[in-house]
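Below is one structure; the comments refer to it alone.
Here the structure is a predicted model, which means the values were calculated and not measured.
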Amino acid sequence: MTKLKNSEIKVTIALDENHVPEKMYWSAQDGGVVNERAKAMLLSLWDYKSQETLRIDLWTKDMPVDEMKKFFHQTLVAMSDTFQRATDDEKMADSMRDFCEYFAEKMELKK
């Protein structure tokens, strides 16, 4: 039997008095990341028992709207690529990428 190795990704959120995220840091020792600052995160976990997605969506109060738009666009593009790798459904992944292009155009992210 092979012994499993554990790897940890840690997210630390500093909250203000109203419990609004003010600062966010993340660490991933295996990746050489130690207390790197971030302004937003989207975390999705699949609960196989209930067959539903559990989510944590956080952003700091100093996250500018223009950066949030870029963050969402890049996340959608990455999800398209991940969807293709996970399902081998190239046709749907291409449709998702088409939407990403539309999103970028409507958000005026493309020059």
Side-chain angles (χ1 to χ4, degrees):
M1 181 181 217
T2 305
K3 183 176 179 182
L4 297 177
K5 177 186 177 210
N6 289 328
S7 182
E8 183 176 273
I9 299 171
K10 180 179 176 183
V11 178
T12 303
I13 312 296
L15 305 172
D16 69 10
E17 62 279 353
N18 296 313
H19 303 283
V20 175
E22 195 159 304
K23 295 191 188 290
M24 188 179 310
Y25 302 92
W26 72 285
S27 299
Q29 188 174 24
D30 287 353
V33 179
V34 179
N35 279 339
E36 287 293 323
R37 183 117 190 261
K39 289 187 177 183
M41 68 173 262
L42 304 173
L43 175 66
S44 296
L45 301 167
W46 181 247
D47 184 330
Y48 68 95
K49 290 179 185 175
S50 64
Q51 294 287 291
E52 55 188 22
T53 302
L54 307 174
R55 295 182 18 226
I56 299 173
D57 305 330
L58 294 174
W59 55 93
T60 59
K61 52 181 155 181
D62 67 339
M63 176 75 167
V65 172
D66 62 326
E67 287 183 26
M68 184 62 86
K69 290 176 181 180
K70 289 178 192 175
F71 175 60
F72 266 85
H73 178 256
Q74 291 175 16
T75 299
L76 291 169
V77 171
M79 287 176 63
S80 302
D81 296 340
T82 301
F83 178 81
Q84 183 172 352
R85 283 194 316 275
T87 65
D88 202 28
D89 189 336
E90 186 174 349
K91 186 175 179 181
M92 184 52 72
D94 285 342
S95 294
M96 292 170 69
R97 289 184 192 101
D98 289 343
F99 173 76
C100 292
E101 286 294 319
Y102 171 81
F103 183 94
E105 179 183 316
K106 291 298 181 185
M107 291 290 107
E108 299 179 348
L109 299 176
K110 300 277 181 164
K111 294 178 181 175

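Annotation: side chain of Phe103 is in contact with side chain of Phe72 (closest heavy-atom distance under 4.5 Å). Residues Lys70 and Leu109 meet the side-chain proximity criterion, which asks for heavy atoms closer than 4.5 Å. In this structure, Leu58 and Ile13 have side chains that are in contact, with non-hydrogen atoms separated by less than 4.5 Å. Tyr25 is not listed as a side-chain neighbour of Glu36, based on a closest heavy-atom distance of 4.5 Å or more. Annotation: side chain of Met96 is not in contact with side chain of Leu76 (no heavy-atom distance under 4.5 Å). For the pair Lys61/Glu22, a side-chain contact is recorded, criterion being any heavy-atom separation below 4.5 Å from C-beta on. Counting only heavy atoms from C-beta outward, the side chains of Asn35 and Trp26 never approach each other to under 4.5 Å. You'll find the side chain of Glu67 reaches within 4.5 Å of the side chain of Lys39, heavy atoms only.
Closest non-hydrogen pair, Asn18 versus Asp16, comes out as N-OD1, 2.8 Å. For the pair Trp59 and Met68, the tightest heavy-atom approach, listed with the atom from each and the gap, is CG-CE, 3.4 Å. Heavy atoms only, all atoms of each residue included: Ser44 and Arg55 are closest at OG-CG, 4.0 Å. Contact record, Asp57 with Leu43: OD1-N, 4.4 Å, taken as the closest heavy-atom pair.
The local environment of CG in Leu15 is crowded, with over 12 non-hydrogen atoms from other residues, nucleotides or ligands closer than 6.0 Å. Shown here is Met79, whose CE atom has no more than 12 heavy atoms of other residues, nucleotides or ligands within 6.0 Å. Heavy atoms from other residues, nucleotides or ligands lying under 6.0 Å from CD of Gln29 number 12 at most.
Counting only distance, with no hydrogens or angles, the side chain of His73 and the backbone of Cys100 share a donor-acceptor pair below 3.5 Å. Between the side chain of Asp47 and the backbone N or O of Gln51 there is no donor-acceptor pair closer than 3.5 Å.
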Quiz prompt | Working for side chain to side chain contact (heavy atoms under 4.5 Å, CB included), residues Val11 and Met41 | solution = CA-CA 9 Å; Val11 178; Met41 68 173 262; 3.7 Å; yes
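Expressed to the nearest 0.5 Å, how far CZ of Phe83 lies from CZ of Arg97 amounts to 10.0 Å. Here the CZ-CE distance, from Arg37 to Met24, works out to 9.0 Å after rounding to the nearest 0.5 Å.
In this structure, Lys69 does not pair ionically with Asp66, as no charged nitrogen and carboxylate oxygen lie closer than 4.0 Å. By the 4.0 Å N-to-carboxylate-O rule, Lys5 lies close enough to Asp30 to be salt-bridged with it. In this structure, Asp98 does not pair ionically with Lys91, as no charged nitrogen and carboxylate oxygen lie closer than 4.0 Å.
Side-chain heavy atoms closer than 4.5 Å link hydrophobic residues (I, L, V, M, F, W, Y) into clusters, and following such links, possibly through other members, connects Met107 to Phe99. Side-chain heavy atoms closer than 4.5 Å link hydrophobic residues (I, L, V, M, F, W, Y) into clusters, and following such links, possibly through other members, connects Leu45 to Ile56.
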